[in-house]
Amino acid sequence: MTGLLAPRALTPAELASVTAELDAVPVPFRFALSAARLPTATFGQMSRTWTTFRRGVEAFIDRYDGDAGRMAKALGLPEQLVPMWESLPARDWHLIGRPDMILGTTDGTGPERCVIVDVNAGSLAGLFPLNDMLLRAHQADVLRPEFGACGEPRYLMGRFADVLRRHMTHEDGLIALTYYADEAAGDDHFDNWHYRSLVLELARHGLTARSVHMEDIEIRDGAAWHRGARIGLVHRYFLPDAENPHHMAELGRISAAARDGALRSITGLWGEILATKATLAMLSDEEFTGELPPSLAADLTEAVPWTRRLTERHTFWRGERVDLLDWSLRNRHRLVIKPALGEKGRDVLIGRELTAADWSALIEQAAGAERPWVVQELMTATPKPLSFQDDSGDLHEVTVPVVYGSYVLDGEFVGAIRRYGIKGDGHLMINGLQGAVPAPVYWGDDE
C-alpha cells in the first residue's frame with residue numbers, strides 16, 4: 001500500500017456518503033483519505049512512554065504526599081488557585097487522558113524517540129468520539145476495500161462508556177456533560193461538535209448523556225437533577241476562571257453537593273495540577289530525577305523531552321551546566337516556549353519560527369511573568385503522507401509533520417489519533433485550531 005488511498009478525488013456524492021455522520025455533528029476538521037498506520041511495535045513503545053510518565057508523576061505525588069498546595073508550590077503554580085483545585089473530591093488523575101506524543105528526533109538525525117510533549121490528562125481530554133466516528137466512516141463502500149487492509153483499528157468508546165458507567169451513582173442516571181453557560185457560543189462554536197458527538201457515541205453504548213450548563217443543575221432531595229432527569233454522573237468539561245466570581249460561586253455550589261454525595265464527578269480538579277506543562281518540566285529536571293531510582297530517571301530522560309520552567313537558574317543541557325535564561329536566548333532554533341497553564345495550543349511558540357528580537361523579548365517577558373512558562377527542546381516529528389480534499393474538491397497529496405493524541409483510559413494507553421500539520425514544516429504548532437487533519441491510527445506490521 002502507498003498510504004494514499006485515493007488516486008483521484010472522491011465525487012461529491014461519494015464524499016457525502018463517507019462524511020454524512022461527521023457533517024451531521026458537525027465535525028470541524030478535514031477528512032483524511034490516507035491511512036494513519038503504525039507498526040505494532042510502536043504501540044508498545046507508546047505504551048511504555050506513557051507508563052514511564054505515569055510512574056514519574058506518581059513519584060512526584062508521593063514526594064509531596066498528594067498535598068495540592070505543596071505540589072503546586074514545587075511546580076511554581078499560583079498559590080491562589082489551590083483552593084479551586086481542592087474543591088471537588090479527588091479522583092484518579094489518569095482515569096481519562098489524551099497526552100500528546102511525538103515520534104521523532106531532536107535534530108532530525110539519530111534514532112527515533114517517542115516523547116510526551118503535552119499532558120492533557122483529565123476529563124477535558126477530547127477526540128475519543130472522533131476516533132470511532134472516523135473509523136466507521138472508513139467503512140463506507142468507496143473506502144472499505146482499502147481501509148479494511150490497513151491493520152487493526154482501535155475503537156475506544158465501549159471502554160470509555162465502561163469507565164463512566166463504573167462511576168455512576170445509579171445505572172439509569174443522566175450523564176451531564178457540564179460546562180458554564182458563558183462558554184456556550186451556539187452551533188457554530190468550534191467545541192460544540194465535541195459535546196454532540198459524545199452524546200451520540202455514548203447512546204450507542206446504552207448511556208444517556210446531555211450537554212448541561214452548571215447553572216441549570218438543581219440540587220434537591222439529596223440528588224442532582226437537570227430538567228426532571230436525575231444526574232448519575234457529571235462529566236466535567238468546566239475549568240473555572242478563578243478570577244470570575246460567578247464561576248467560583250457555581251463551583252462552590254457544585255462542590256458542596258459533590259462532597260455531600262448528591263452528585264459525582266468523573267474527575268476532580270486536583271488532577272489539573274498534574275496536567276500542566278510544569279509537570280513535564282519537573283519530570284525532566286535533574287533536581288527531581290536525581291533523587292529517583294536510576295532506572296526510572298533514565299526512562300524519564302527518554303519519555304519526556306528536555307523541559308525547564310523558565311526562571312533565572314543554572315541547569316544541565318546534555319551534561320553541560322548552563323545559565324538557563326542566557327542559554328535559552330542563544331538557542332532559539334532548538335527550543336519551544338509554552339505557558340505552563342496553557343491549553344489548545346494557545347501561545348505555544350516555536351523558536352525557529354520567530355526572529356531573534358522577538359524571541360529575546362518573549363524570553364524576557366516569560367521569565368518575569370506572574371504565571372510560569374516552560375521552555376522545551378524542539379522535537380522534529382517524523383513526517384507522514386496525507387491525502388485530503390479541499391473545499392473545492394481538489395485532491396492534495398502532501399508529506400507533513402504529525403503529532404499523536406495518545407488515548408489513555410483507566411490509566412492505560414489504548415490507542416492513538418494522528419494529527420497532520422497541513423501548514424507544513426514551517427508551522428510546527430499542530431493543533432485542531434490551527435487546521436490539523438485528524439486520522440485514527442491502525443496498527444499492523446507491514447507498513
Side-chain angles (χ1 to χ4, degrees), residues 72-81 99-102 104-108 115-120 239 241-243 272-273 275-287 304-318 320-381 401 403 419 421-436:
K73 183 177 180 179
L75 295 172
L77 302 176
E79 180 181 3
Q80 62 267 30
L81 298 183
D100 283 343
M101 292 186 185
I102 286 180
T105 65
T106 55
D107 56 7
V115 297
I116 290 179
V117 295
D118 206 352
V119 181
N120 292 331
L239 189 59
D241 176 356
E243 297 180 358
E272 294 299 320
I273 301 173
T276 70
K277 296 170 183 66
T279 301
L280 292 169
M282 177 64 69
L283 298 189
S284 71
D285 196 319
E286 68 274 358
E287 293 183 357
V304 177
W306 183 94
T307 311
R308 295 293 185 272
R309 188 156 49 91
L310 199 58
T311 60
E312 181 139 5
R313 57 168 289 195
H314 284 83
T315 188
F316 286 86
W317 165 264
R318 299 183 181 178
E320 176 188 359
R321 189 172 186 268
V322 298
D323 179 301
L324 179 59
L325 293 184
D326 178 68
W327 184 88
S328 298
L329 280 171
R330 292 183 288 104
N331 287 273
R332 66 182 173 86
H333 63 284
R334 58 174 56 170
L335 295 173
V336 182
I337 192 168
K338 309 175 179 182
L341 292 169
E343 60 178 351
K344 297 181 180 179
R346 296 190 180 101
D347 297 322
V348 174
L349 298 167
I350 315 295
R352 74 183 198 187
E353 297 174 7
L354 301 176
T355 66
D358 286 345
W359 179 255
S360 178
L362 180 62
I363 292 291
E364 181 179 357
Q365 177 185 352
E370 180 180 356
R371 294 193 175 190
W373 288 65
V374 302
V375 63
Q376 185 178 82
E377 65 177 322
L378 175 66
M379 298 296 298
T380 302
V403 67
R419 298 200 302 273
I422 59 173
K423 294 185 178 181
D425 194 53
H427 190 93
L428 291 180
M429 181 59 251
I430 304 174
N431 183 277
L433 291 172
Q434 304 291 328

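We're numbering straight along the sequence, starting at 1.
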Run the salt-bridge test on Arg308 and Glu286 with the 4.0 Å N-O cut-off and return the result as yes or no.
yes
Output yes when a side-chain donor or acceptor of Thr276 lies under 3.5 Å from a complementary backbone atom of Ile273, and no otherwise.
yes
Going by heavy atoms in the side chains, are Val375 and Thr307 under 4.5 Å from each other?
no
Does any non-hydrogen side-chain atom of Leu324 lie less than 4.5 Å from one of His314?
no
Decide yes or no for Leu335 and Trp306: does some side-chain heavy atom of the first lie under 4.5 Å from some side-chain heavy atom of the second?
yes
Compare all side-chain heavy atoms of Lys277 with those of Asp118 and state whether any distance is below 4.5 angstrom.
yes
Under the side chain to side chain contact (heavy atoms under 4.5 Å, CB included) rule, collect the residues that match up with Leu325, sequence neighbours excluded.
Leu310, Glu312, Asp323, Ile363, Ala367
Using 30° and 60° as the class boundaries, would you call the ring planes of Trp317 and Trp327 parallel, tilted or perpendicular?
tilted
Counting C-beta onward and ignoring hydrogens, is there a side-chain heavy-atom pair between Val374 and Ile337 closer than 4.5 Å?
no
Does Asp358 have any side chain to side chain donor-acceptor pair (under 3.5 Å) partners at least two apart in sequence or in another chain, and if so, which?
Thr355
Would you mind reporting whether Asp100 and Ile116 have side-chain heavy atoms less than 4.5 Å apart?
no
Under a 4.5 Å cut-off applied to non-hydrogen side-chain atoms, are Val403 and Met101 in contact?
no
Gln80 meets the side chain to side chain contact (heavy atoms under 4.5 Å, CB included) criterion, sequence neighbours left out, with Pro78, Glu370
Do Ser284 and Val304 make a side-chain contact, defined as non-hydrogen atoms from C-beta onward lying under 4.5 Å apart?
yes
When you measure from the side chain of Arg352 to the backbone N and O of Arg332, does any donor-acceptor pair fall under 3.5 Å?
no
Residues at least two apart in sequence or cross-chain that pass salt bridge (charged side-chain N to carboxylate O under 4.0 Å, His left out) with Glu287, listed by chain then number, are Arg313
Side chain to side chain donor-acceptor pair (under 3.5 Å) against Arg321, all qualifying residues, sequence neighbours excluded:
none
Name all residues meeting the side chain to side chain donor-acceptor pair (under 3.5 Å) criterion together with Asp326; count only those two or more places apart in sequence or in a different chain, and write none if there are none.
Arg330
May I have the step-by-step check of side-chain contact (heavy atoms from CB on, under 4.5 Å) for Leu349 and Val336, ending in yes or no?
CA-CA 6 Å; Leu349 298 167; Val336 182; over 6 Å; no
Please report the interatomic distance CD(Glu272) to CG(Leu239), rounded to the nearest 0.5 Å.
5.0 Å
Report the C-alpha separation of Glu79 and Lys73 in whole Å, then their side-chain angles, then the decisive distance to 0.1 Å, and conclude whether the side-chain contact (heavy atoms from CB on, under 4.5 Å) test is met.
CA-CA 7 Å; Glu79 180 181 3; Lys73 183 177 180 179; over 6 Å; no
Using modelled atom types only, decide if a donor and an acceptor are shared between the side chain of Trp359 and the backbone of Ser328 within a distance under 3.5 Å.
yes
Let me see the working for Asp285 and Arg309 under salt bridge (charged side-chain N to carboxylate O under 4.0 Å, His left out), right down to the final yes or no.
CA-CA 9 Å; Asp285 196 319; Arg309 188 156 49 91; over 6 Å; no
